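None of these values were measured; they are calculated from a predicted model. Side-chain atoms are counted along with the backbone in the values below, which use heavy atoms only and exclude waters and symmetry mates. Proteins come first, then strands; the chains are lettered A, B, ... in the order of their sequence lines, and each starts at number 1.
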There are 4 protein chains.
Amino acid sequence: MPKRTDRTARRQEILDAAVRVFARKGFATSRIEDVAAAAGIAKGTVYLYFDSREALLAAAFEDYAARSAALLTDLGAGPPLERLARLVRGAAEMLAAHPDHARVLLDVWASAPIRTQSATSPLDMARVYSDVRQAVTGLLREAEAQGVLRPGVDERHAAVIVGAIEGCLLQWLVDPRLPLTELADTIADVCVAGVRA
Amino acid sequence: MPKRTDRTARRQEILDAAVRVFARKGFATSRIEDVAAAAGIAKGTVYLYFDSREALLAAAFEDYAARSAALLTDLGAGPPLERLARLVRGAAEMLAAHPDHARVLLDVWASAPIRTQSATSPLDMARVYSDVRQAVTGLLREAEAQGVLRPGVDERHAAVIVGAIEGCLLQWLVDPRLPLTELADTIADVCVAGVRA
Amino acid sequence: MPKRTDRTARRQEILDAAVRVFARKGFATSRIEDVAAAAGIAKGTVYLYFDSREALLAAAFEDYAARSAALLTDLGAGPPLERLARLVRGAAEMLAAHPDHARVLLDVWASAPIRTQSATSPLDMARVYSDVRQAVTGLLREAEAQGVLRPGVDERHAAVIVGAIEGCLLQWLVDPRLPLTELADTIADVCVAGVRA
Amino acid sequence: MPKRTDRTARRQEILDAAVRVFARKGFATSRIEDVAAAAGIAKGTVYLYFDSREALLAAAFEDYAARSAALLTDLGAGPPLERLARLVRGAAEMLAAHPDHARVLLDVWASAPIRTQSATSPLDMARVYSDVRQAVTGLLREAEAQGVLRPGVDERHAAVIVGAIEGCLLQWLVDPRLPLTELADTIADVCVAGVRA
DNA sequence: CATGAATGAGTCTTCATTCAT
DNA sequence: AATGAATGAAGACTCATTCAT
């Protein structure tokens, strides 16, 4: 019942609580009241900051999408395959560093509607992956121009590299015993070795 | 001579209808009545064959798990890395051949409970992945014994290979424009090249 | 929990219960559960027969509209002003005979949206009154043709005659001490005397 | 010298805003926040001037009741039937001149509790109509004393006359295409002709 | 076996009202 | 006085599940 002034901070508190709850129970069985309780506020207060339960999931996705986009711009300098390895490791580490957010991705994936045509949804996971593939494809092209790639490498390989990351993430989410962090190097390893000349 | 179809066949009809419905709308928004309608039967009849809505999802998972296990035993003969490539391609093709079942995996993943320790759930996706990783690890060991592997390859690489498949599946599910079938060779390509000596 | 077969009868039972409840408490404060309780069924059952709380009000209105339309066709024979008197009395008696339905009209009126243009609403009270005015206008025209009307009578007088009925109804609804039935003759009296040559 | 306006004026501003809002959306769907927004103030401020949402409706009714009472005292001089016609026209014109207030009457009517016995409510519409009927009855008695009434006219006719006004108002509220102002003369016409000797 | 009417627990969401600032 | 963040009671509606027919 305190009168908070920083709407943004309060919003983030609620979102963090939501991610925590969604991660524990899954989105499907998480009630708004659970989120409110986790945030230490009343049910109705959640609605002052988010339009609906869905909006909480969408906001969580936005957080992820933003972090994901940031990865693509912080690759530093160096040979393209080195930057690729950095990108792969960065992604794995980012996911491992935010396990609750990562767990919520399962729900984001599941709530992705069948996208026959285009249609932009609030949970445009397709766009995120497309962007990452673009970035990887760019790095592969650079490497190819430098002659360090074996022939026949194309954007499909970008999909496989992105897939390797997400697939390891998935296995880790489904079975936390899998050491995602330790896997980061291996992913980079396989991916780079898999395309190098 | 049962009436029209025996109990097992009718059960499978219902399950197929459920998979169809779950694939279109997602498990969360699919109602028992939708499944019944898709199967051309009444709501109550579903309960004569399945204990609950959850049981339908579990049964769909079982179908997948069985097909997945089958993949591991039909690798034929030949050099281990060839069999590995066959396994990878087989998995991708199996998934692409059953798009509705594949879509339901999104819901299976999302309904995976947090599994701190062991705990066997009706949706033991962890077990499935573990089995596949075991198989891949076996092939890698064989290859290693034959000296065709570069040094340092271990069971982590198995996780990455499995991850590449599942991650491509995921991207395809989230964005059907991605050509999963065409990707099969590329996945095998990268995975094998990524571990070969 | 009995298994009823006559859907129409059950629907009418629920609607009757709803009218009873709405009449006692007003639509605004009547909960679906109240209606269900009055009908001796569970809350959810109401929704098997009506889409929403609003739909119950709309259905109650339909009952009224139908009864109202019936009034316009059962005027029998005789001089037009006699038939007009019969119409007026019939309306008053019909309303008095169904006090609960009449009370619900207050809520129907209040829920009539502002109808700037045309737009057909499920509660088209405007249409009902328009129809009655048409009928009254028809009778007045007949009377005029027979020369029994004083000059200058037009469709406005129809509105006033309809108004007299509805206005008495309103006063009765707001203050049940007013004897609507006794008023029927007076309304007919004033209306006929007010237009006669 | 109060800040900008004194308490009474501010209260009236809010009430006017409320009437505007209630007229557009109906009382049932009007939220306090809507009223505050229409008045250009914050939600909480409304409560400094009105105890509750209901109190706003009651206050709107009071305004109407006061205007209605005023009608009864400004009839000027002249023959009683002339004053009656003036009263009828005055009522219709008053209502037409304040369409928002008139629209709110629909909600006032609908919120009238079932009044089995007496019971004074904050929305005593019964009292208002009773008072008007008294006034009309007074005029009719005067006319009767002057021998200008046909025999048999009593207080029931007063109810019909009041009913004619309110019923026309109702039709206009439900269907704004009806020209209430033009109807004023017709109402007076029918009512006077309906009772004159 | 099959049906589908009935149930009622479960949740989202709204919004009148309060009160700390 | 004014504000608007916070509250939480209230209620519409859904739908998995049951069971009488």
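- No donor-acceptor pair under 3.5 Å is formed between the side chain of B:Asp63 and the backbone N or O of B:Ala60.
- Annotation: cation-pi pair C:Arg7/C:Tyr49 present, NZ/CZ under 6.0 Å from the ring centroid and within 45° of its normal.
- Ring planes of D:Phe61 and D:Tyr64: tilted class, angle from 30 to 60°.
- For the pair C:Asp16 (side chain) and C:Glu13 (backbone), a donor-acceptor distance under 3.5 Å is absent.
- Residue A:Gly44 is the one, among A:Gly44 and C:Thr45, whose nearest nucleotide of DNA chain F lies closer to the 5' end (criterion: closest heavy atom).
- The distance between atom CD of C:Glu54 and atom P of F:dG11, rounded to the nearest whole Å, is 16 Å.
- Rounded to an integer number of Å, the gap from NZ of A:Lys25 to P of E:dT11 is 8 Å.
- Residue-level contact check: C:Ser30 touches the backbone only, with heavy atoms under 4.0 Å from sugar-phosphate atoms and none from bases.
- Look at CG on D:Asp51: it is 9 Å from P on E:dT18, rounded to the nearest Å.
- For the pair D:Arg7 and F:dA1, the criterion of a side-chain N or O lying under 4.0 Å from OP1 or OP2 is met.
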Inset, instruction - Would you write the dot-bracket representation of DNA chain E, where each base gets (, ), [, ], | or . depending on whether it forms a Watson-Crick or G-U pair under 3.5 Å and with which partner? - result: .||||||||||||||||||||
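- Checked options D:Val104, D:Leu106, D:Thr29, D:Asp100; the residue passing with D:Phe22 is D:Val104 (criterion: side-chain contact (heavy atoms from CB on, under 4.5 Å)).
- Here E:dA2 is the nucleotide among F:dG8, E:dA2, F:dT3 with the atom lying nearest to any side-chain atom of B:Tyr49.
- Side-chain atoms of A:Lys43 and base atoms of E:dT13 include a donor and an acceptor less than 3.5 Å apart.
- Between D:Leu48 and B:Glu33, it is D:Leu48 whose nearest contact on DNA chain F lies nearer the 5' terminus.
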Inset, instruction - Carefully, step by step, assess B:Arg20 and B:Val35 under the rule side chain to side chain contact (heavy atoms under 4.5 Å, CB included). - result: CA-CA 8 Å; B:Arg20 232 146 49 223; B:Val35 172; over 6 Å; no
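- Between B:Val19 and B:His101, the shortest heavy-atom distance links the atoms CG1-N, 3.7 Å.
- Using modelled atom types, no side-chain atom of B:Thr45 and backbone atom of B:Ile41 make a donor-acceptor pair closer than 3.5 Å.
- The side chain of A:Arg53 lies closest to E:dC12 when the candidates are E:dC12, F:dC15, E:dT7.
- Distance from the side chain of A:Ser52 is smallest to E:dT13 among F:dA2, E:dT7, E:dT13.
- At whole-Å resolution of the value, OH in D:Tyr47 and C1' in F:dG4 are 13 Å apart.
- When distances are taken from the side chain of C:Ile41 to each of F:dT3, E:dT7, E:dT3, the shortest belongs to E:dT7.
- Contact check, C:Arg31 against F:dC13: no side-chain N or O comes under 4.0 Å of OP1 or OP2.
- Residue contacts shown for C:Ile32 are limited to sugar-phosphate atoms, with no base heavy atom under 4.0 Å away.
- Regarding A:Phe27, its CZ atom lies at a distance of 13 Å from the P atom of E:dT11, rounded to whole Å.
- One interatomic measurement links the two molecules: CG of A:Leu57 to P of E:dC12, which rounds to 13 Å at whole-angstrom precision.
- Between B:Arg10 and the phosphate of E:dA2, there is a side-chain N or O to OP1/OP2 separation shorter than 4.0 Å.
- In this structure, B:Phe50 atom CZ and E:dA2 atom C1' are separated by 16 Å, rounded to whole Å.
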